[in-house]
Engineer: 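Take a look at the following structure, please.
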Amino acid sequence: MNKIKLFPHQQRALDSTKDFNRVAYYLDMGLGKTFVGAEKMMQLDSKTNLIVCQKSKIDDWIQHLKTYYSITICNLADKKGYATFFTLLSHGYPVIGVINYDLVFRRSELLTLEDFTLMLDESSQIQNETTKRSKFILKMKPKNVILLSGTPTAGKYENLWSQVHLLGWKISKDLYWKHYIETEWVEEDGGFFRKEVVGYKNVDRLKMKLAQHGAIFMKSEEVVDLPEQIENKIMVPTTKEYRKFMRSRIITIQDKEMIGDTALTKRLYARMLCGHYNKYKLEAFKDLIDSTEDRLVVFYNFNEELAELTDLAQDKPISIINGSIKDLTAYEEHENSIIFVQYQAGAMGLNLQKANKVIYFTLPQSSELFEQSKKRVHRIGQKNRCFYYYMMCSNSVEEDILSTLKMRKDYTDELFKAYESKL
């Protein structure tokens, strides 16, 4: 066990919330939410503790806790660990259980926990209170709550209510929306109307109320001087297949038939045709990785992309982070390595500041994943300028996606339809 040494801003966050048993540490990516959250959990001193995180972060949490604290930790994603957790609880031993969001609602016995501390790492994962994971977590009855997130709302205050509820602020969802969210009714095709968020009100009051309920907001620029961030667009042409598909909604390429009969499928295939089906982009990617011997981080979306990209990078040491693989060996050991990271699996939580060059082979549609991905290298410990290379097809949906992400909005079917109308 090592003695933990906190940065001044981390200690300030703890000191500011010392009298709260329900807290939210909304610390910007790279400011060490893990250290703050773990320390708060120890200060609360519950015998029963539950950490819910992304699947890719389970091992990281277990390793962190074993390094700094002398308490038993159980991996609840493992059946043996799950059984051990409840055996220890039945005998009155202090224990921490760690489980992922996609599994927690399948473990109904967790609803029987009492007088426990609940920590949600990346608490934005419950921003949609209608999902199974959110419904389950909101049914739990913790004594103490710790919320951790760098992007609790991804700029959307309407998604904050479930976290507000866990902090103990007794405000109904309807009243919350009435006080803080501006909406209007928008007519859709067929004469149907839907409520659309058009802005926010009383934001200063909202932040004051959150602070009164143990929420700490902290941005990187407020506490630490991080290196400059430099963005570069690498533009390539669209292919004739892309242009044909956008006109006709159907194309066969490499024996794969693509039929864009809905906005969703057309958007999906348009993105693919701007990615691994675009020979110009693949050639540009090869040129880019051959131009440096520095560590590179490459973000991608689809499994088919990974197959093409790793084939082009076979002369370099390769690490991969996705839903089934978490291998950081080459990244850790080789300065000329490339680590391929799938957004859903690695845009949040990874510490990759050994690298300072990031390639976006294709873009995500989620503003939160986009913002978080940039912070994998731009965080405490980074001493070099950070370079971001956006590989883009000219006059394509990718340009529309990037402009939307830079406004901190998600790219949706409605925006895609608006893009199509311009063609």
Engineer: Any donor and acceptor pair, going by atom type alone, linking the side chain of Thr239 with main-chain N or O of Tyr242 inside 3.5 Å?
Structural biologist: yes

Engineer: Does a salt bridge link Lys354 with Glu332, judged by any charged N lying under 4.0 Å from a carboxylate O?
Structural biologist: yes

Engineer: Run the salt-bridge test on Lys178 and Asp174 with the 4.0 Å N-O cut-off and return the result as yes or no.
Structural biologist: no

Engineer: Less than 4.5 Å apart, any side-chain heavy atom of Leu120 and any of Ile51?
Structural biologist: no

Engineer: For Lys316, does the NZ atom have more than 12 heavy-atom neighbours from other residues, nucleotides or ligands under 6.0 Å away?
Structural biologist: yes

Engineer: Would you call the rings of Phe416 and Tyr419 parallel, tilted or perpendicular if under 30° counts as parallel and over 60° as perpendicular?
Structural biologist: tilted

Engineer: Check this for me, if you would: do Arg133 and Asp102 make a salt bridge, where the nitrogen-to-carboxylate-oxygen distance has to be below 4.0 angstrom?
Structural biologist: yes

Engineer: What are the two closest heavy atoms between Gln382 and Asn384, and how far apart are they?
Structural biologist: OE1-N, 3.1 Å

Engineer: More than 12 heavy atoms of other residues, nucleotides or ligands under 6.0 Å from CZ of Phe105: yes or no?
Structural biologist: yes

Engineer: Starting at CD1 of Ile73, measure out to CD1 of Ile58 and round the result to the nearest 0.5 Å.
Structural biologist: 13.5 Å

Engineer: Mind checking whether Leu50 and Leu118 have side chains closer than 4.5 Å, heavy atoms only?
Structural biologist: yes

Engineer: Can a donor-acceptor pair be found, under 3.5 Å and without considering hydrogens, that links the side chain of Ser366 to the backbone of Leu369?
Structural biologist: yes

Engineer: Describe, in one word, how the ring planes of Phe387 and Tyr389 are oriented to each other, choosing from parallel (under 30°), tilted (30 to 60°) and perpendicular (over 60°).
Structural biologist: parallel

Engineer: Just checking Lys406: does its NZ atom have more than 12 heavy atoms from other residues, nucleotides or ligands closer to it than 6.0 angstrom?
Structural biologist: yes

Engineer: Going through the distances and angles, do Phe35 and Glu39 end up as a side chain to side chain contact (heavy atoms under 4.5 Å, CB included)?
Structural biologist: CA-CA 6 Å; Phe35 286 88; Glu39 277 293 287; 5.7 Å; no

Engineer: Would you please classify the geometry between the Trp169 ring and the Tyr176 ring as parallel, tilted or perpendicular, with 30° and 60° separating the classes?
Structural biologist: perpendicular

Engineer: Salt-bridge test for Lys326 and Asp59: reply yes if a basic N is under 4.0 Å from a carboxylate O, no otherwise.
Structural biologist: no

Engineer: Charged N to carboxylate O below 4.0 Å: is that the case for Glu129 and Lys135?
Structural biologist: no

Engineer: Can you name the closest pair of heavy atoms from Pro364 and Leu405 and give their distance?
Structural biologist: O-CD1, 3.4 Å

Engineer: Would you say Asn75's side chain and Ala77's backbone share a donor-acceptor pair under 3.5 angstrom?
Structural biologist: yes

Engineer: Do the non-hydrogen side-chain atoms of Arg271 and Glu398 ever get within less than 4.5 Å of each other?
Structural biologist: no

Engineer: Within 45 degrees of the ring normal and closer than 6.0 Å to the centroid, is that where the cationic atom of Lys55 sits relative to Tyr101?
Structural biologist: no

Engineer: Is Ile339 close to Arg295 at the side-chain level, that is, under 4.5 Å between some pair of heavy atoms?
Structural biologist: no

Engineer: Report yes or no: does Arg22 contribute a side-chain atom to a donor-acceptor pair with the main-chain N or O of Val145 at less than 3.5 Å?
Structural biologist: no

Engineer: Is there a donor-acceptor pair closer than 3.5 Å between any side-chain N or O of Asn301 and the backbone N or O of Leu363?
Structural biologist: yes

Engineer: Mind checking whether Leu328 and Leu352 have side chains closer than 4.5 Å, heavy atoms only?
Structural biologist: yes

Engineer: Could you tell me the separation between the NE2 atom of His165 and the OG atom of Ser172, rounded to the nearest 0.5 Å?
Structural biologist: 11.5 Å

Engineer: Show your reasoning for whether ring-ring contact (aromatic ring centres under 6.0 Å, His included) applies to Phe370 and Tyr360.
Structural biologist: CA-CA 10 Å; Phe370 181 61; Tyr360 291 83; 5.8 Å; yes

Engineer: Of the non-hydrogen atoms in Ile380 and Gln353, which two are nearest, and what is the gap between them?
Structural biologist: O-NE2, 3.0 Å

Engineer: So, Arg379 side chain and Lys375 main chain: donor-acceptor pair closer than 3.5 Å or not?
Structural biologist: yes

Engineer: Measure across Ala355 and Val297 and return the closest heavy-atom pair with its distance rounded to 0.1 Å.
Structural biologist: CB-CG2, 3.8 Å

Engineer: Does Thr17 reach the main-chain N or O of Leu14 with its side chain, forming a donor-acceptor pair under 3.5 Å?
Structural biologist: yes

Engineer: For the residue pair Tyr200 and Tyr157, is the inter-centroid distance of their aromatic rings smaller than 6.0 Å?
Structural biologist: yes

Engineer: Would you confirm whether His378, through its side chain, and Pro227, through its main-chain N or O, come within 3.5 Å as a donor-acceptor pair?
Structural biologist: yes

Engineer: I'd like to know if Lys207 pairs up with Asp204 as an ion pair, taking the criterion as any Lys NZ or Arg NE/NH1/NH2 lying under 4.0 Å from an Asp or Glu carboxylate oxygen.
Structural biologist: no

Engineer: Does any non-hydrogen side-chain atom of Leu110 lie less than 4.5 Å from one of Ile99?
Structural biologist: yes

Engineer: Does a donor on one side chain and an acceptor on the other come within less than 3.5 Å for Asn322 and Tyr300?
Structural biologist: yes

Engineer: May I ask you to check whether Phe299 and Phe340 place their ring centers less than 6.0 Å from one another?
Structural biologist: no

Engineer: Hey, is NZ on Lys201 packed in by over 12 heavy atoms from elsewhere, all under 6.0 Å?
Structural biologist: yes

Engineer: Do Tyr411 and Arg267 have side-chain heavy atoms sitting under 4.5 Å apart?
Structural biologist: yes

Engineer: Considering residues, nucleotides and ligands other than Lys141, do more than 12 of their heavy atoms fall under 6.0 Å from its NZ?
Structural biologist: no

Engineer: Determine whether more than 12 heavy atoms belonging to other residues, nucleotides or ligands lie under 6.0 Å from atom CD of Gln11.
Structural biologist: yes

Engineer: State, with a plain yes or no, whether a side-chain heavy atom of Met41 is found less than 4.5 Å away from one of Tyr69.
Structural biologist: no

Engineer: Check this for me, if you would: do Lys281 and Glu308 make a salt bridge, where the nitrogen-to-carboxylate-oxygen distance has to be below 4.0 angstrom?
Structural biologist: no

Engineer: Taking only Lys NZ, Arg NE, NH1 and NH2, and the carboxylate oxygens of Asp or Glu, determine whether Lys266 and Glu420 approach each other closer than 4.0 Å.
Structural biologist: yes

Engineer: Which atoms form the tightest heavy-atom contact between Leu312 and Ile289, and what is the distance?
Structural biologist: O-CD1, 3.8 Å

